[in-house]
Amino acid sequence: MRRSPIVIAGTLAGLFGVLGFHTSPAKLNLGTVGTAGSSPTTTSPSPSTTSPPTTTSPPPTTTVPSTTPPTTATSSRAAKSKTGNSTTSTAARTTTTTTRTTTTTVAPTTTTTAASSAARTATGPLVNYNFGVLSVTVTLTGTKIAKVTIGTLDDGGNFRSQSIDQMAIPQLEQQALQAQSASIQGVSGASYTSAGFELSLQDALKTLGFK
Amino acid sequence: MGTVVTFDIYDDEGIDPDTLLPFLAKAVATLHRVDKVFSTWKPDSPLSRLRRGEIALGEAPVDVTEVLENCKGAKELSGGWFDPWRLPGGVDPSGYVKGWAAQQALEDLVGSEVGGAMVNAAGDIASFGGPTSESPFRIGIVNPSSPTSLACTVELRGAIATSGAYERGEHLFNPFTDRYETAFASASVTGPDLGLADALATALVVGGEQVLSLIEGVYDYEAMVIGHEGAMKWTTEFPFAN
């Protein structure tokens, strides 16, 4: 059964897409999270619970056959037995609140600390959202999400970005915790920074073999 | 638009990425094409040029005509509460386009014959199938007064759009008072098409109970609102999950 997450991200300003492959029923291959979650997306991190505490995600391997505009895709299928499939590229921000130019961020810096009962932490890739760049860090204790925090946040330092971040990000952190408790496949709501947050969060969770 | 769109693909038999990728590439290309045509942020987009009066509707890509026709229909169904022509700055169908784009992208995936797919445009979701062949997608609706929690869960068949001012401040425009104001904290609309659901949700959060009554009469569309004080109301067939 193939269950490889694939991240697709466009480089054009505006819309870009992210893909999760799901097969059902949910099965997880990581010993320490054997029953985690009801949502069936998963990667297959190393089943060894005594593996060294740090692994690095594999490099991107595939490019999607797309015409215009430039679109890149990364398949992690070839690396399905390894931990971490974090890949991202970013869309140019279309808002005018900061003056920084957009850069493509590929951040294969995910680390996993594996131990059967100890807390394990993974950080998702840097993701552009409307007002800056963020990454999300998740800590699992056993099969439960213990903590979700913003690992990196660069909002360009401008006031409007900061005020939005301060308002929205703590809410989003809690939202992630809540969503875990219900057997749902998605969340509908008015959103702003949530997309970038979710993108990075999803990847961090996949790295941990969760979801 | 600067929106992230997430694709979630499910199949009981497993998924072959090589088979799916061409369909996915098409869906992503669709999103980019829509953004290129309809962006109000890009000064050179056909829509921006139309707004400035530099081109006529007939000179814009045919998608623009289709979208504006659909907006006209949504305006009528909503009793005028969804009205892209009454927005400050000229005609702006953005309240319809995001959902429409996600719906178009979803349709690009139908040919892949996977069991279930969701295209989630930052909280507005188009879907077919479910997570398994025997179950529908379950979608949580954010509690607007406490976005740290979910207000309820729905069993999704088709699309759901939610509008509200709780994350962006008062950005929803009332076409009858020319002010930015909302009647409800949050409005969710389900139905077969995400474009129309998106437009109706926008109309509902601004227009209030009279729009809820109108949606009661729209075939296959259902709605649920959460008031500023937290009270919930819904149409008779709104698909709450148990």
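Fair warning: this is a prediction, and the values are worked out from it, not measured in the lab. By convention in this document, chain letters (A, B, ...) are assigned in the order of the sequence lines, proteins followed by strands, and residues within each chain are numbered from 1.
For the atom pair CD of A:Gln185 and CD1 of B:Ile125, the computed distance is 9.5 Å after rounding to the nearest 0.5 Å.
Between the side chain of A:Ser188 and the backbone N or O of B:Gly123 there is at least one donor-acceptor pair closer than 3.5 Å.
Interface remark: B:Ala151 contributes no atoms to any contact with chain A (heavy atom separation under 4.5 Å). The parts of B:Ile139 that come within reach of chain A are both its backbone and its side chain, each placing non-hydrogen atoms under 4.5 angstrom from that chain.
Closest of all the heavy-atom pairs between B:Asn120 and A:Val187 is ND2-O, 3.8 Å.
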